[in-house]
Amino acid sequence: MKYTTRQSAILLLSDGTIFHGKSIGISGKTFGEVCFNTGMTGYQEIFTDPSYFGQIMVATNTHIGNYGVNEEEVESDSIKIAGLVCKNFSFNYSRTNASESLEDYFAKQNLICISDVDTRALVSYIRDNGAMNAVICTDGTSIEDLKKELANVPNMEGLELASKVSTKEPYFVGDENATYKISALDLGIKKNILRNLAKRDCYIKVYPFDSTYKDMSEFNPDGYFLSNGPGDPDPLFGAIQVAKEILADNKPLFGICLGHQVIGLANGVETYKMFNGHRGINHPVKNIITGKGEITSQNHGFAVKREQLENHPELEITHVHLNDGTVAGMRMKNKNCFSVQYHPEASPGPHDSSYLFDQFVENIKSSKA
């Protein structure tokens, strides 16, 4: 293989810390909140997950790109991460059903990447100091200029990002002759969520993030779904109002990730920004109702306040994260509503939680009986 030299690159954190590496060949700079994912596989699904919009992703797996890209394995229509930090970037790949290399995939969408970084040291630093804004620079811009630009990047707390990734127009998924109809609010919905609903005999109409309950009810759905998505849930006043109106009519409601947080806010339970979020495909969760453990895929930097939820007369915790005790799921005692903080649709990864889609359909059936 021909030896080629690569341009030096840096990752500058908002506290002034610098990590050095190499550019994969795409010149420029990109800004976002730096975070890390502990998954050993599934990088393409991570890069296209709308929940990662505005974030610079640190991959903890040593090799990224070694199995290339398959155009069928995407969670949205484009790369959503702001940039990538990795240890070893594989320019060559070996996989029979790969359609192209990760390098070509990034080049088409101008995704800035820095490799040859000591990612173990970086992740350790983030874990100790918390998530913060950062910039990847591969074009030689001076440190002082980068610091000035980075100072103007808004913090994730208080930032509304669902509007950046939501569909602009409603669209349909599934068989129009399916037994059940679902209205889904797109706050950054993943394609595999829609596939999981469709294969359970559901016909889904997906609505833009700023749709009203009236808009969504005109489809005459049997149930409602609030999706995952990026950013802080607190500014999503429209989505919170939608959740309140769905609950007022006691319609079947299921929320995942950001949708889970919106349901909490609709019930007066506050959310908060975590010191470090949960991002990976091996997070242990206990189902308090059944007593069973689940290995889950998670991707969130905000969470609902457990103490407020525990003191809420109409809510109960159904799932708890076993690493830190944060709320991983809840349900309403007096309404046909439940939600989880993790991703039961996630692939690759374990499928311990796929029963939650069945539970949603069962809730719809019982409401129609």
Side-chain angles (χ1 to χ4, degrees), residues 180 182-185 187 189 193 196-197 200 202 213 216 221-229 233 236 239-272 278 283-298 300 302-322 324-346 351-369:
Y180 309 106
I182 307 293
S183 283
L185 190 64
L187 305 175
I189 201 164
I193 289 175
N196 269 277
L197 290 171
R200 287 170 171 82
C202 296
Y213 177 54
M216 297 176 70
D222 301 300
Y224 293 82
F225 177 78
L226 303 182
S227 86
N228 62 292
L236 294 174
I240 294 167
Q241 182 60 31
V242 167
K244 288 180 177 179
E245 293 181 38
I246 294 170
L247 294 174
D249 279 354
N250 196 22
K251 300 295 185 182
L253 176 61
F254 179 27
I256 287 177
C257 202
L258 186 61
H260 160 84
Q261 297 160 14
V262 166
I263 290 171
L265 289 166
N267 281 284
V269 177
E270 296 174 340
T271 58
Y272 65 96
H278 297 154
H283 286 258
V285 164
K286 181 178 180 180
N287 183 324
I288 296 174
I289 307 302
T290 65
K292 293 181 178 180
E294 301 172 21
I295 301 301
T296 68
S297 176
Q298 302 207 6
H300 63 104
F302 292 82
V304 297
K305 292 187 175 180
R306 179 167 179 167
E307 184 178 355
Q308 289 187 12
L309 205 159
E310 288 175 328
N311 293 324
H312 197 290
E314 297 174 357
L315 289 169
E316 66 176 329
I317 298 173
T318 57
H319 300 75
V320 173
H321 196 296
L322 292 176
D324 58 11
T326 52
V327 176
M330 63 185 180
R331 69 182 180 186
M332 296 195 69
K333 300 174 184 177
N334 59 339
K335 301 287 184 180
N336 196 341
C337 170
F338 73 103
S339 60
V340 290
Q341 183 62 80
Y342 53 97
H343 286 270
E345 83 293 337
H351 298 272
D352 299 18
S353 306
S354 60
Y355 70 89
L356 292 163
F357 290 103
D358 299 321
Q359 183 178 322
F360 182 39
V361 172
E362 286 300 318
N363 285 358
I364 291 172
K365 286 181 183 178
S366 64
S367 71
K368 291 167 68 74

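Just so you know, these numbers come straight off a predicted model, no measurement behind them.
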- Rounded to the nearest 0.5 Å, what separation is found between the OG1 atom of Thr326 and the CG atom of Leu309? 11.5 Å
- Query: How long is the span from the CG atom in Asp249 to the NZ atom in Lys244, to the nearest 0.5 Å?
  - Reply: 15.0 Å
- Query: Atom CG of Leu315 and atom CZ of Arg331: how far apart are they, to the nearest 0.5 Å?
  - Reply: 11.5 Å
- Validation row: Asp352, Lys292 side chains within 4.5 angstrom (heavy atoms): no
- Task: Provide the closest heavy-atom pair for Asn228 versus Ile189 in the form atom of the first, atom of the second, distance.
- Result: OD1-CA, 3.5 Å
- Message: I need the single residue from Val262, Leu356, Leu226, Ile263 that forms a side chain to side chain contact (heavy atoms under 4.5 Å, CB included) with Ser339. Which is it?
- Response: Ile263
- Task: Using only heavy-atom distances, determine whether the side chains of Glu314 and His312 contain a donor-acceptor pair under 3.5 Å.
- Result: no
- Kindly give the heavy-atom pair with the smallest separation between Asn336 and Asn250, and that separation in Å. N-OD1, 2.9 Å
- Item | Pair Met330-Asn267, side-chain contact (heavy atoms from CB on, under 4.5 Å): steps then yes or no | CA-CA 12 Å; Met330 63 185 180; Asn267 281 284; 5.7 Å; no
- Query: Can you find a pair of side-chain heavy atoms, one from Leu236 and one from Gln261, that are under 4.5 Å apart?
  - Reply: no
- Message: Which heavy atom of Ala184 sits nearest to which heavy atom of Met216, and what is that distance?
- Response: C-CE, 3.9 Å
- Item | Donor-acceptor pair between Asn287 and Tyr355 side chains, under 3.5 angstrom | yes
- Query: Any chance the side chains of Glu294 and Thr296 put a donor and an acceptor closer than 3.5 Å?
  - Reply: no
- Assess whether side-chain contact (heavy atoms from CB on, under 4.5 Å) is satisfied between Lys305 and Tyr272, documenting all intermediate values. CA-CA 7 Å; Lys305 292 187 175 180; Tyr272 65 96; 3.7 Å; yes
- Could you please spell out the steps behind the side-chain contact (heavy atoms from CB on, under 4.5 Å) verdict for Tyr342 and His260? CA-CA 9 Å; Tyr342 53 97; His260 160 84; over 6 Å; no
- Message: Working to the nearest 0.5 angstrom, can you tell me the gap between Cys257 SG and His278 NE2?
- Response: 11.5 Å
- Query: For Ser353 and Pro344, which heavy atoms make the closest approach, and how far apart are they?
  - Reply: O-CB, 3.2 Å
- Query: Roughly how far, to the nearest 0.5 Å, is NZ of Lys286 from NE2 of His319?
  - Reply: 11.5 Å
- Query: Do you know the tightest heavy-atom contact between Leu187 and Ser227?
  - Reply: N-OG, 2.8 Å
- Query: Is the His283 ring parallel, tilted or perpendicular to the His321 ring (thresholds 30°, 60°)?
  - Reply: perpendicular
- Query: Rounded to the nearest 0.5 Å, what separation is found between the CD1 atom of Ile182 and the CD1 atom of Ile364?
  - Reply: 3.5 Å
- Can you tell me if NZ on Lys251 sees more than 12 non-hydrogen neighbours from other groups inside 6.0 Å? no
- Message: A side-chain contact here means heavy atoms from C-beta on lying under 4.5 Å apart; do Thr271 and Val304 qualify?
- Response: yes
- Message: For a salt bridge (Lys or Arg N to Asp or Glu O under 4.0 Å) check, start with the C-alpha distance between Glu316 and Lys333, then their side-chain angles and the critical distance, and finish with the verdict.
- Response: CA-CA 7 Å; Glu316 66 176 329; Lys333 300 174 184 177; 5.7 Å; no
- Task: Please report the closest heavy-atom contact between Val327 and Gln341, naming both atoms and the distance.
- Result: O-CB, 3.7 Å
- Between Lys335 and Leu253, is a side-chain contact (heavy atoms from CB on, under 4.5 Å) present by the stated rule, with each step listed? CA-CA 9 Å; Lys335 301 287 184 180; Leu253 176 61; over 6 Å; no
- Query: Among all residues two or more places apart in sequence or in another chain, which pass the ring pair (Phe, Tyr, Trp, His ring centres under 6.0 Å) test with Phe254?
  - Reply: Phe225, Phe338, Phe357, Phe360
- Query: Does some side-chain heavy atom of His300 sit less than 4.5 Å from a side-chain heavy atom of Pro233?
  - Reply: no
- Task: Please confirm whether the backbone N or O of Gly325 pairs with a side-chain atom of Arg306, one donor and one acceptor, at under 3.5 Å?
- Result: yes
